[in-house]
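Each chain gets a letter, A, B and so on, in the order its sequence line appears, and its residues count up from 1. Here the structure is a predicted model, which is why all the values come from computation and not from measurement.
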Protein chains: 2
Amino acid sequence: MDIEQAFGIVIKKYRLERSMSQEKLAFGSDLDRTFISLLERGKRKPTINTLFSISNVLEVKPYKIVKNSKRCRESFAEKIKFKLTAY
Amino acid sequence: MDIEQAFGIVIKKYRLERSMSQEKLAFGSDLDRTFISLLERGKRKPTINTLFSISNVLEVKPYKIVKNSKRCRESFAEKIKFKLTAY
DNA sequence: ATGTAGACTGTGGTCGACG
DNA sequence: ACGTCGACCACAGTCTACA
């Protein structure tokens, strides 16, 4: 799994925890709604500025999003490895 | 001070601490040397993928670079404020 | 409220060359 | 070893529209 996919999963998780719509997130972070959609599905790689403005709206510190993205990415790799060696 | 400037200062600090040249950093992170130069002077905004590959070469966790960038950015703002009110 | 698609603009990132 | 310049290309990010 690559970084942008992990990033998308993480921000989607935070967004849903705050029961916020993509539209609200887009408006608050001054980005386009369709772009948020692309980000959450790992179709685009955000710049660090995008990271900061999104994290601001979600009220999470940017470094936590990065940390969780890395963790998400690696735990996914482990799951694959596990599945492959399970039987 | 904006994010990309703080980012540039931080990665330059890490690079010099490891007494590594821009060229080595560029080679290791599979980026162009001139682009590293632009980044360190805050002329370009890196994507999170660029953040990850650079942090990998510098052997710093990506979230630490982000955390320090934010801190650098805010402490700079405080210094300006201090200077303005000092006399 | 979200995914997708297409057309578009700006800028992230490359590359060669010079001081 | 680094800053800079100019040309270039790929993609971040916008916008309209439809399901």
Side-chain angles (χ1 to χ4, degrees), chain A residues 1-60 62-63 65-66 68-70 72-73 76, chain B residues 1-60 62-63 65-66 68-70 72-73 76:
Chain A
M1 151 177 273
D2 35 30
I3 305 165
E4 59 266 31
Q5 284 176 356
F7 176 83
I9 293 172
V10 170
I11 64 166
K12 179 165 191 175
K13 179 172 155 274
Y14 278 119
R15 180 176 66 80
L16 293 179
E17 278 178 9
R18 284 141 186 77
S19 58
M20 180 183 291
S21 69
Q22 288 185 350
E23 284 177 335
K24 270 214 171 277
L25 176 54
F27 181 78
S29 58
D30 203 35
L31 291 166
D32 198 80
R33 198 218 91 214
T34 63
F35 184 58
I36 301 290
S37 173
L38 289 167
L39 281 180
E40 289 192 350
R41 283 171 297 121
K43 302 286 186 183
R44 286 289 190 282
K45 307 168 190 181
T47 63
I48 54 171
N49 295 58
T50 303
L51 162 65
F52 271 67
S53 50
I54 286 180
S55 76
N56 191 39
V57 180
L58 293 177
E59 293 175 316
V60 202
Y63 84 85
I65 295 186
V66 171
N68 284 328
S69 299
K70 203 187 173 202
C72 171
R73 187 192 185 194
F76 184 81
Chain B
M1 150 177 274
D2 35 30
I3 305 164
E4 59 266 29
Q5 284 176 355
F7 177 84
I9 293 172
V10 170
I11 64 166
K12 180 166 190 173
K13 179 174 155 270
Y14 278 119
R15 179 176 67 81
L16 293 179
E17 278 177 9
R18 282 141 186 77
S19 59
M20 180 183 290
S21 69
Q22 289 184 349
E23 282 176 337
K24 270 215 172 273
L25 176 53
F27 181 77
S29 57
D30 202 35
L31 291 165
D32 199 80
R33 198 217 89 216
T34 63
F35 184 58
I36 302 289
S37 173
L38 290 167
L39 280 179
E40 289 192 351
R41 284 171 296 122
K43 303 285 186 184
R44 286 287 190 284
K45 307 169 189 178
T47 63
I48 53 171
N49 295 58
T50 303
L51 162 66
F52 270 68
S53 51
I54 285 181
S55 77
N56 191 39
V57 180
L58 294 176
E59 292 175 318
V60 202
Y63 84 84
I65 296 185
V66 171
N68 285 328
S69 298
K70 203 186 173 201
C72 171
R73 186 193 184 194
F76 184 82

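- Across the protein-nucleic acid pair, A:I48 atom CD1 and C:dT11 atom C1' stand 14 Å apart, rounded to whole Å.
- For the pair B:L39/B:I54, a side-chain contact is recorded, criterion being any heavy-atom separation below 4.5 Å from C-beta on.
- Ion pair B:R18/B:E59 not flagged as a salt bridge, since none of the NZ, NE, NH1 or NH2 atoms sits closer than 4.0 Å to an Asp/Glu carboxylate oxygen.
- Atom-to-atom, NZ of A:K24 to C1' of C:dA1 comes out at 13 Å; the value is rounded to the nearest Å.
- Closest-nucleotide positions on DNA chain C for B:K45 and B:T34 were compared, and the one nearer the 5' end corresponds to B:K45.
- Separating the NZ atom of A:K43 from the P atom of D:dC11 is a distance of 14 Å, rounded to the nearest angstrom.
- When rounded to the nearest whole Å, the span between CG of B:D32 and P of D:dC2 equals 14 Å.
- Following rounding to the nearest Å, A:M20 (CE) and C:dA1 (P) show an atom-to-atom distance of 13 Å.
- Here the P atom of nucleotide D:dT16 and the CZ atom of A:F35 are 17 Å apart, to the nearest Å.
- With distances taken from any side-chain atom of B:R44 to the nucleotides C:dG12, D:dC2, D:dG13, the minimum falls on C:dG12.
- Put simply, CD on B:E23 is 12 Å from C1' on D:dG3, counting in whole angstrom units.
- Of the residues near DNA chain D, B:L16 and B:T47, the one whose nearest nucleotide (by heavy atom distance) lies more toward the 5' end is B:L16.
- Side chains of A:T50 and A:T47: a donor on one and an acceptor on the other come within 3.5 Å.
- For the pair A:T50 and D:dG13, the criterion of a side-chain N or O lying under 4.0 Å from OP1 or OP2 is met.
- Among the heavy atoms of the strands lying under 4.0 Å from B:L31 are primed sugar atoms or P, OP1, OP2 only; no base atom is included.
- Listed nucleotides: D:dA1, C:dT2, C:dG12. Nearest to the side chain of B:S21: D:dA1.
- Looking at A:Y63 and B:N68, their side chains never come closer than 4.5 Å, going by heavy atoms from C-beta outward.
- The base of C:dG16 does not come close enough to the side chain of B:R33 for any donor and acceptor atom to sit less than 3.5 Å apart.
- Contact annotation: the side chain of A:I11 approaches that of A:I65 to within less than 4.5 Å [non-hydrogen atoms, C-beta and beyond].
- Protein atom CD1 of A:I36 is 12 Å distant from nucleotide atom C1' of C:dT2, rounded to whole Å.
- Nucleic acid contact for B:D30: sugar-phosphate only, since backbone atoms but no base atoms lie under 4.0 Å from a heavy atom of the residue.
- Proximity of B:S37 to the phosphate of D:dG3: a side-chain N or O atom is located under 4.0 Å from OP1 or OP2.
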